[in-house]
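Down below is the structure, laid out as structure tokens.
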Amino acid sequence: MEKSKMRNTVIYIHGKGGSPDEAEHYKALFPQNDVFGLDYHAQTPWEAKREFPTLFHRVCEGYRSVVLIANSIGAFFAMNALYEENIERAFFISPVVNMEKLICNMMLWSNVTENDLREKKEIETDLGETLSWAYLCYVRENPLVWTVPTAILYGAKDNLTSYDTVSEFALEHGASLTVMKNGEHWFHTEEQMSFLDDWLKGAF
């Protein structure tokens, strides 16, 4: 596709188990912009830090400005890997904003102590997630640095990130925060997607 320096682009970064094809949903919301889904394979923040900049530059080269839409852990990966890139604005949907707290919560829910994880390195849980000592150490040693103007959409029924955690992040980073009373971590119902679309159109 020929890129024009007079056009803007919207980059969508999916969450765990998602797909870059989800970017198709956003094309109707941004008819004046080219919309792309970032087709990444990273499973850890250090892999994302290696992979994301290359993909970002490949997709965004030649555009006048770049807007980022990121979902769940996609937002965490983006903040970890793209904080030095020229991004005009960011829109985060159910973002993971404090990975250390999330990992510690998962340890608590699974009755895993820090000593257990340090000793075993990796522990599978009944939550369907594998706890990793290397992952926990990485997020502690690499705190997020994010200065892009950001708007956040949060579901009040989010089971991964508490309201206090996301509101603290929003306050610290000067981000706007919109809460959907019936929203979940995964925005997928007709009501939730309608709310998401209205939020994006109103905030863009």
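Atom-to-atom distance recorded for Q192:CD and E190:CD is 11.0 Å, nearest 0.5 angstrom. Rounding to the nearest 0.5 angstrom, the gap separating the CG atom in L200 from the CD1 atom in I93 is 6.0 Å. The CD atom of E114 sits 6.5 Å away from atom SG of C104, with the distance rounded to the nearest 0.5 Å. Rounded to the nearest 0.5 angstrom, Q43 CD and K16 NZ are separated by 7.5 Å. Atom OG1 of T165 sits about 7.5 Å away from atom OH of Y154, to the nearest 0.5 Å. To the nearest 0.5 Å, atoms OH (Y163) and CD (E168) are separated by 12.0 Å.
Proximity of a side-chain donor or acceptor of S167 to a complementary backbone N or O of D164 within less than 3.5 Å is detected. With Y135 contributing its side chain and E122 its backbone, the two residues share no donor-acceptor pair below 3.5 Å. In this structure a side-chain-to-backbone donor-acceptor pair under 3.5 Å is missing from T161 to V96. When atom types are taken as modelled, the side chain of E172 and the backbone of F169 share no donor-acceptor pair closer than 3.5 angstrom. At distances below 3.5 Å, at least one donor-acceptor pair connects side-chain atoms of N80 with backbone N or O atoms of P45. Looking only at distances, no side-chain donor or acceptor of R89 sits under 3.5 Å from a matching main-chain atom of A151. Panel note: side chain E24, backbone D21; no donor-acceptor pair is recorded below 3.5 Å. Side-chain atoms of E51 come within 3.5 Å of backbone atoms of A42 as a donor-acceptor pair (strictly under, hydrogens ignored). When atom types are taken as modelled, the side chain of D158 and the backbone of L160 share a donor-acceptor pair closer than 3.5 angstrom.
Crowding of K181 atom NZ: a count of heavy atoms from other residues, nucleotides or ligands under 6.0 Å not exceeding 12. Within 6.0 Å of the CG atom in D198, the count of heavy atoms belonging to other residues, nucleotides or ligands exceeds 12. Around CG of N159, the count of heavy atoms belonging to other residues, nucleotides or ligands within 6.0 Å exceeds 12. More than 12 non-hydrogen atoms from other residues, nucleotides or ligands lie less than 6.0 angstrom from CH2 of W133.
Under the 4.5 Å side-chain heavy-atom criterion for ILVMFWY residues, a single connected hydrophobic cluster contains both L117 and W46. When the side chains of ILVMFWY residues are joined at heavy-atom separations under 4.5 Å, either directly or via intervening members, F195 and F30 end up in a single hydrophobic cluster. Residues L82 and Y138 share a hydrophobic cluster, clusters being chains of Ile/Leu/Val/Met/Phe/Trp/Tyr side chains in contact below 4.5 Å. Placement of Y83 and F56 within a single hydrophobic cluster is found when ILVMFWY residues are connected by side-chain heavy-atom separations under 4.5 Å, directly or transitively.
Side-chain contact between H173 and T150 is absent, with no heavy-atom pair separated by less than 4.5 Å. No side-chain heavy atom of N86 sits less than 4.5 Å from a side-chain heavy atom of V66. Residues F77 and E47 form no side-chain contact, since every pair of their non-hydrogen atoms from C-beta on lies 4.5 Å or further apart. F187 places none of its side-chain heavy atoms less than 4.5 Å from the side chain of N71. Residues N182 and T189 are not in side-chain contact: their nearest non-hydrogen atoms beyond the backbone lie 4.5 Å or more apart. Residues T113 and M107 are not in side-chain contact: their nearest non-hydrogen atoms beyond the backbone lie 4.5 Å or more apart. Contact annotation: the side chain of L55 never approaches that of D39 to less than 4.5 Å [non-hydrogen atoms, C-beta and beyond]. Residues H185 and S72 are in side-chain contact: their nearest non-hydrogen atoms beyond the backbone lie under 4.5 Å apart.
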Practice item. Let me see the working for I11 and Y63 under side-chain contact (heavy atoms from CB on, under 4.5 Å), right down to the final yes or no. Key: CA-CA 12 Å; I11 304 300; Y63 284 102; over 6 Å; no
Practice item. Show your reasoning for whether side-chain contact (heavy atoms from CB on, under 4.5 Å) applies to V148 and L68. Key: CA-CA 10 Å; V148 175; L68 184 69; over 6 Å; no
Point to revise | Worked verdict on L127 versus M106 for side-chain contact (heavy atoms from CB on, under 4.5 Å) | key: CA-CA 8 Å; L127 304 171; M106 288 183 175; 4.1 Å; yes
Review point. Given the rule in the side-chain contact (heavy atoms from CB on, under 4.5 Å) test, do S110 and I123 qualify, once you have shown the distances and angles that lead to the verdict?
Key: CA-CA 10 Å; S110 303; I123 298 177; over 6 Å; no
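Nearest approach of F91 to A203, heavy atoms of both residues: CE2-CB, 3.6 Å. Shortest non-hydrogen contact noted between L144 and F76 is CD2-CE1, 4.0 Å. For the pair E100 and R140, the tightest heavy-atom approach, listed with the atom from each and the gap, is OE2-NE, 2.9 Å. Here the closest heavy-atom approach between residue K49 and residue N142 is recorded as NZ-OD1, 4.3 Å. Here the closest non-hydrogen pair linking A170 and L177 is CB-CB, 4.2 Å. Scanning all heavy atoms of the two residues, the minimum distance from D197 to L29 falls at OD1-CD1, 3.6 Å.
In summary, the side chains of D34 and T9 do not present any donor paired with an acceptor at a separation below 3.5 Å, with no hydrogens or angles considered. In this structure, a donor-acceptor pair under 3.5 Å is present between the side chains of H57 and E85.
Within the 6.0 Å centre-distance limit, the rings of F92 and W146 are counted as a close aromatic pair.
For K101, there are no salt bridge (Lys or Arg N to Asp or Glu O under 4.0 Å) partners, not counting sequence neighbours.
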